[in-house]
Amino acid sequence: MSERLSPSDIPIAPVYRPEAIDYDADLGDPGQFPFTRGVQASMYRGRLWTMRQYAGFGTAAETNRRFRLLLEAGQTGLSVAFDLPTQMGIDSDSPRALGEVGRVGVAIDTVEDMHLLLSEIPLDRVSTSMTINATASTLLAMYIVAAEERGIERASLSGTIQNDILKEYIARGTYIYPPEPSLALIADIFRFCATEVPNWNPISISGYHIREAGATAVQELAFTFANAMEYVQRAIDAGLPVDSFAPRLSFFFAAHNDLFEEVAKFRAARRMYARLLTGRFGATEASARLRFHTQTGGVTLQAQQPLNNVVRVTVQALAAVLGGTQSLHTNGYDEALALPTAEAATLALRTQQIVAHESGAAITADPLAGSYYVEQLTDELERQALALLARVDELGGAARAIGAQFFQEEIARSAYEYQLKVERGEVVVVGVNKFTDGSEPPIIPAPNFSELEKGQVERLRAVKAARDAAVHARALDALRAHSASYAEADGAREPLMPLIIDAVRARASVGEIADVLASQWGTYRPA
């Protein structure tokens with residue numbers, strides 16, 4: 001019989017038998033350290049996971065319509081996709097934004113766009129996740145100002161900014177500034193949220209994009225936690241006690257097609273994180289509960305026979321739920337072709353609702369616990385991920401390992417090897433390299449992006465023309481003066497978030513604020 005391997009190349013035996021398991025040390029009941037079986041005692045019997053659908057469609061007004069449609073359909077949280085210019089700190093009227101405005105998400109230039117995006121949405125009752133990194137501080141400031149101008153106090157807001165710049169250097173590329181000032185700004189956001197927006201998660205440390213770039217489940221665990229250790233250490237170095245911010249750290253993982261490896265990955269992740277945070281930093285057990293959002297795998301979606309993606313997404317959603325996620329986004333089946341249609345997005349939400357209410361997966365905590373296979377696979381994933389994390393530690397931590405191209409080269413190797421397996425037929429992708437029918441992927445009409453861009457530019461220019469020029473200039477000058485110290489390795493740094501909020505309130509744009517910071521910090525160019 002030929003050897004069978006998991007997607008992470010872990011040898012899989014034909015049958016599993018009982019192994020010695022130290023229940024108290026390695027598992028514990030749900031809600032008990034090291035949280036292998038879940039971060040809450042009752043898990044979904046007490047409260048279902050937050051059901052989010054990721055959406056961003058050109059203009060803020062159009063995206064708002066989709067948000068309200070999904071909320072009416074039973075969605076319990078928002079998740080915002082921004083276009084590339086917004087992610088890169090480039091205004092829609094910049095020549096650098098030409099042809100990209102609104103194409104992969106919503107264009108947000110000023111707080112007036114944020115008002116349109118959030119119109120008629122009860123921000124004190126709905127949590128919002130924003131996939132934004134280099135410009136995360138500005139988008140958080142815009143969210144706060146939009147809420148306060150509607151009479152909603154910042155302390156009542158709940159949500160998450162991704163704010164994970166290290167994985168941008170590794171996998172996505174939407175960075176602006178060099179690592180040192182970027183990490184210092186993230187520590188400042190940790191401090192600000194702990195005191196001003198206590199129900200807000202100041203970061204979502206993302207394994208998802210690492211996995212999307214071609215990483216294995218083992219690499220997703222190791223590299224995500226390497227980044228997490230870097231962020232925690234930087235915050236502590238900035239004078240923050242670990243237990244003042246650690247309870248609000250959140251994570252973002254992918255769910256791929258191998259049901260049991262993915263379930264074991266989530267269980268191993270909780271145990272790893274609990275032991276790393278308490279062991280390395282002396283955090284309390286309460287601070288070491290791994291809370292994470294999951295999104296079904298974008299790279300697993302196929303343009304060929306796209307309805308097959310409904311089944312893939314269902315398996316992945318089930319893995320996330322069986323693995324104990326706190327929040328879940330399910331992809332639309334047509335996302336390999338274009339932005340998801342309203343029909344596909346609604347079906348993706350219904351998939352979550354069926355898993356929650358019809359599958360039985362949510363009626364007891366950690367239902368796969370005690371499976372000989374799952375427990376041994378959990379142990380092996382943890383063992384391999386810790387060994388890989390130790391290699392990062394030997395290089396001096398995540399920031400130095402990124403500078404040495406370690407993460408990037410490891411992920412590139414894994415992605416290349418996987419693609420070879422697909423091309424050789426060793427990995428079956430239904431409808432792509434087996435069970436094909438010769439059909440062509442359907443064509444989905446695209447929006448008129450030229451008209452969309454024209455309208456967005458006109459709105460931005462109207463805001464710039466109407467704002468108080470003196471107030472705007474003073475706000476940017478103050479931000480420029482106080483941001484210079486963030487480029488220095490050591491020394492006292494004044495909080496920047498209040499100044500960014502002042503600039504946003506003065507109707508400064510995303511691009512203007514990014515340019516001010518870049519004038520003091522420079523821009524990042526990979527070696």
Side-chain angles (χ1 to χ4, degrees), residues 80 82 85-91 108-111 113-114 117 128-148 154 157-169 172 174-206 231 234-235 238 240 245 248-250 472 475-487 493-524:
V80 188
F82 298 96
T86 303
Q87 295 182 52
M88 297 294 293
I90 301 169
D91 283 341
I108 299 292
D109 287 303
T110 72
V111 71
D113 291 324
M114 188 64 77
L117 180 71
T128 304
S129 175
M130 297 191 284
T131 302
I132 196 73
N133 296 282
T135 56
S137 58
T138 302
L139 272 297
L140 174 58
M142 288 183 174
Y143 195 94
I144 290 169
V145 171
E148 291 182 340
R154 63 180 65 171
L157 302 177
S158 62
T160 304
I161 43 172
Q162 193 163 94
N163 200 26
D164 177 5
I165 201 63
L166 290 176
K167 69 97 174 49
E168 296 298 323
Y169 302 127
R172 281 191 79 236
T174 63
Y175 45 73
I176 303 173
Y177 320 110
E180 289 304 319
S182 297
L183 289 167
L185 179 57
I186 288 171
D188 184 64
I189 295 170
F190 283 8
R191 179 187 293 107
F192 173 81
C193 288
T195 58
E196 297 290 326
V197 203
N199 296 316
W200 196 274
N201 300 320
I203 194 167
S204 178
I205 304 164
S206 176
Y231 291 128
R234 295 300 181 115
L240 299 178
F245 64 87
R248 297 308 303 180
L249 300 183
S250 64
H472 168 262
L476 290 184
D477 286 344
L479 180 61
R480 184 179 295 106
H482 289 89
S483 61
S485 63
Y486 280 64
R493 298 186 177 108
E494 292 192 35
L496 280 191
M497 277 303 300
L499 298 173
I500 295 172
I501 289 173
D502 288 344
V504 163
R505 191 172 285 113
R507 273 40 189 178
S509 66
V510 169
E512 290 169 337
I513 292 171
D515 287 346
V516 165
L517 298 180
S519 73
Q520 303 303 305
W521 301 347
T523 55
Y524 178 70

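Keep in mind that this is a model prediction, so the values were computed, not measured. FYI, side chains are in, hydrogens and waters are out, and symmetry mates aren't considered; it's all heavy atoms of this structure. Just so you know, residue 1 is the first one in the sequence shown, and it goes up from there.
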Asks: Using the test side chain to side chain contact (heavy atoms under 4.5 Å, CB included), find all partners of Pro498 that sit at least two apart in sequence or belong to another chain.
Replies: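 With sequence neighbours excluded, Pro498 shows a side chain to side chain contact (heavy atoms under 4.5 Å, CB included) to Pro495, given in chain and number order.
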Asks: Report the residues that fulfil ring pair (Phe, Tyr, Trp, His ring centres under 6.0 Å) with Tyr231, sequence neighbours left out, ordered by chain and then residue number.
Replies: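 Per chain and number, Tyr231 pairs via ring pair (Phe, Tyr, Trp, His ring centres under 6.0 Å) with no residue.
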Asks: Is there side-chain contact between Leu499 and Glu494, with heavy atoms separated by less than 4.5 Å?
Replies: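 Leu499 vs Glu494: side chains apart.
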Asks: Parallel, tilted or perpendicular: which describes the rings of Trp521 and Tyr177, with under 30° parallel and over 60° perpendicular?
Replies: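 Ring orientation, 0 to 90° scale: perpendicular.
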Asks: Write down the atom of Ser483, the atom of Arg480, and the distance for their closest heavy-atom approach.
Replies: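 Looking at all heavy atoms of both residues, the closest pair is OG-O, 3.2 Å.
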Asks: Would you compute the distance between atom CG of Asp515 and atom CD1 of Ile90 and round it to the nearest 0.5 angstrom?
Replies: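 Result: 9.0 Å between the selected atoms.
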Asks: How far apart are the closest heavy atoms of Pro178 and Gly522, and which atoms are they?
Replies: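 For Pro178 and Gly522, the tightest heavy-atom pair comes out as CD-O, 3.4 Å.
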Asks: Just jot down the side chain to side chain contact (heavy atoms under 4.5 Å, CB included) partners of Arg505, sequence neighbours excluded, or say none.
Replies: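 With sequence neighbours excluded, Arg505 shows a side chain to side chain contact (heavy atoms under 4.5 Å, CB included) to Val145, Glu148, Glu149, Arg154, Ile501, Asp502, given in chain and number order.
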Asks: Specify the closest pair of heavy atoms between Ser250 and Thr160, including all atoms of both residues, with the distance to one decimal.
Replies: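 Nearest heavy atoms, Ser250 then Thr160: OG-CG2, 3.7 Å.
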Asks: How long is the span from the CG atom in Asn201 to the SG atom in Cys193, to the nearest 0.5 Å?
Replies: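 Between Asn201 CG and Cys193 SG, I get 8.5 Å after rounding to 0.5 Å.
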Asks: In Å and rounded to the nearest 0.5 Å, what is the CG to CD1 distance from Leu117 to Ile108?
Replies: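 Result: 5.0 Å between the selected atoms.
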Asks: Could you list the residues that satisfy side chain to side chain contact (heavy atoms under 4.5 Å, CB included) with Thr135, not counting sequence neighbours?
Replies: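 Result, side chain to side chain contact (heavy atoms under 4.5 Å, CB included) vs Thr135: Ile132, Leu139, Ile176, Val510.
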Asks: If you round to the nearest 0.5 Å, how far is OG of Ser519 from CG of Leu479?
Replies: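 Output value for this atom pair is 8.5 Å.
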Asks: For Thr174 versus Arg172, what's the shortest heavy-atom pair and its separation?
Replies: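 Minimum heavy-atom contact is OG1-NH1, 3.3 Å.
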Asks: Check ring pair (Phe, Tyr, Trp, His ring centres under 6.0 Å) between Phe192 and all other residues, then give those that pass, not counting sequence neighbours.
Replies: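 Residues passing ring pair (Phe, Tyr, Trp, His ring centres under 6.0 Å) with Phe192: none at all.
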Asks: Heavy-atom distance under 4.5 Å between the side chains of Glu180 and Arg234, does that happen here?
Replies: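 With C-beta onward as the side chain, the pair touches.
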Asks: Kindly determine whether Glu512 and Arg507 satisfy salt bridge (Lys or Arg N to Asp or Glu O under 4.0 Å), including the steps that lead there.
Replies: CA-CA 10 Å; Glu512 290 169 337; Arg507 273 40 189 178; over 6 Å; no
Asks: Would Asp91 and Ser509 satisfy side-chain hydrogen bond (donor to acceptor under 3.5 Å, both in side chains), going step by step from the backbone distance to the final call?
Replies: CA-CA 7 Å; Asp91 283 341; Ser509 66; 2.5 Å; yes
Asks: Considering non-hydrogen atoms only, spot the tightest contact between Asp188 and Met497 and give its length.
Replies: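 Closest pair (atom of Asp188, atom of Met497, distance): OD2-N, 3.1 Å.
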Asks: Do Ile513 and Val504 have side chains that get closer than 4.5 Å, going by heavy atoms?
Replies: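 Yes, their side chains come closer than 4.5 Å.
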Asks: How long is the gap from CD1 on Ile144 to CD on Glu196, to the nearest 0.5 Å?
Replies: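 Reported to 0.5 Å precision, the distance equals 8.0 Å.
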Asks: Listed by chain and number, what are the ring pair (Phe, Tyr, Trp, His ring centres under 6.0 Å) partners of Phe82, not counting sequence neighbours?
Replies: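 Result, ring pair (Phe, Tyr, Trp, His ring centres under 6.0 Å) vs Phe82: none returned.
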Asks: How about Leu496 and Ile189: do any of their side-chain heavy atoms sit closer than 4.5 Å?
Replies: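 When only atoms from C-beta onward are counted, Ile189 and Leu496 do not touch, as no gap falls below 4.5 Å.
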Asks: For Tyr175 and Ser182, test the side chains for any donor-to-acceptor distance below 3.5 angstrom and give the result as yes or no.
Replies: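 Looking only at side-chain atoms, Ser182 and Tyr175 do not form any donor-acceptor pair under 3.5 Å.
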Asks: What distance separates Tyr486 OH from Leu183 CG, expressed to the nearest 0.5 Å?
Replies: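 Reported to 0.5 Å precision, the distance equals 12.5 Å.
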Asks: Shortest non-hydrogen contact from Thr523 to Ala518?
Replies: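 Closest approach of Thr523 to Ala518: CG2-CB, 4.3 Å.
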Asks: Do the side chains of Phe245 and Pro202 get nearer than 4.5 Å, heavy atoms only?
Replies: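 Of all side-chain heavy-atom pairs linking Phe245 with Pro202, none is under 4.5 Å.
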